[in-house]
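Structure, as structure tokens:
We use all heavy atoms of the structure for the numbers below, so side chains are in, but hydrogens, waters and symmetry mates are not.
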Amino acid sequence: MQEVIGSTPIFSTKAHQQVGLSCFMAFYCYILYSPKIDRYYVGSCQDLEDRLLRHNSGRSKSTKAGAPWELRLKEQFTTRQEAVQREMEIKKRKSRSYIEQLVSSAG
């Protein structure tokens, strides 16, 4: 790709080429653990750091009682649909032992 000369592009084609796949936004399915209440929480999101912060600051009603939560597993996906699908797959099992197996196999 060549740099555009003589115009005012919205972005430089040269800069865009260097960025490449770093513009890719990932989606996550994650498992949290609360030692305080001895429970696991399974969820999905796009910004995992922000989501964990919301869980631990009490801004999420369903996890407020368990704070602080520890991230035990994260799985990355290219679409929101894939991440939510994985979340539902884990939740449908309704099995603590399955969740613990996933967490321990992730190392």
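In the hydrophobic cluster analysis, where Ile, Leu, Val, Met, Phe, Trp and Tyr join through side-chain heavy atoms closer than 4.5 angstrom, Val84 is grouped apart from Val42. When the side chains of ILVMFWY residues are joined at heavy-atom separations under 4.5 Å, either directly or via intervening members, Val103 and Leu52 end up in two distinct hydrophobic clusters.
Side chains of Asp38 and Tyr33: a donor on one and an acceptor on the other come within 3.5 Å. Inspection of the Thr78 and Glu82 side chains reveals an N or O donor paired with an N or O acceptor under 3.5 Å.
Between Tyr40 and Arg72 there is a side-chain heavy-atom pair separated by less than 4.5 Å. Taking 4.5 Å as the limit, some side-chain heavy atom of Leu32 sits within range of a side-chain heavy atom of His55. Within the 4.5 Å cutoff, side-chain heavy atoms of Leu48 are placed close to those of Leu71. A 4.5 Å side-chain heavy-atom check between Tyr41 and Ser62 finds at least one atom pair inside the cut-off.
Annotation: the span from Arg39 atom CZ to Ile99 atom CD1 amounts to 10.5 Å, rounded to 0.5 Å. Here the CD1-NZ distance, from Ile31 to Lys74, works out to 13.5 Å after rounding to the nearest 0.5 Å. For the atom pair Ser60 OG and Trp69 CH2, the distance stands at 9.0 Å (nearest 0.5 Å). Atom OG of residue Ser44 and atom CZ of residue Arg86 lie 12.0 Å apart, to the nearest 0.5 angstrom. Here Asp47 contributes atom CG and Leu53 contributes atom CG; the two are 9.5 Å apart, rounded to the nearest 0.5 Å. For the atom pair Glu75 CD and Cys29 SG, the distance stands at 5.5 Å (nearest 0.5 Å).
Taking 4.0 Å as the cut-off between side-chain N and carboxylate O, Glu100 and Arg96 count as a salt-bridged pair.
The two residues Ala106 and Leu73 have their closest heavy-atom pair at CB-CD1, 3.2 Å. In terms of heavy-atom proximity, Glu70 sits nearest to Pro35 at OE2-CG, 3.3 Å. Taking each heavy atom of Gly66 and Ser34 in turn, the nearest pair found is O-OG, 2.6 Å.
Here the two rings, on Phe27 and Phe77, have centers that are 6.0 Å apart or farther.
Partners of Lys91 by side-chain hydrogen bond (donor to acceptor under 3.5 Å, both in side chains), not counting sequence neighbours, listed by chain and number: Glu87.
Sorted by first and then second residue, the salt bridge (charged side-chain N to carboxylate O under 4.0 Å, His left out) pairs with a member in residues 51-66 read Asp50-Arg54; sequence neighbours excluded.
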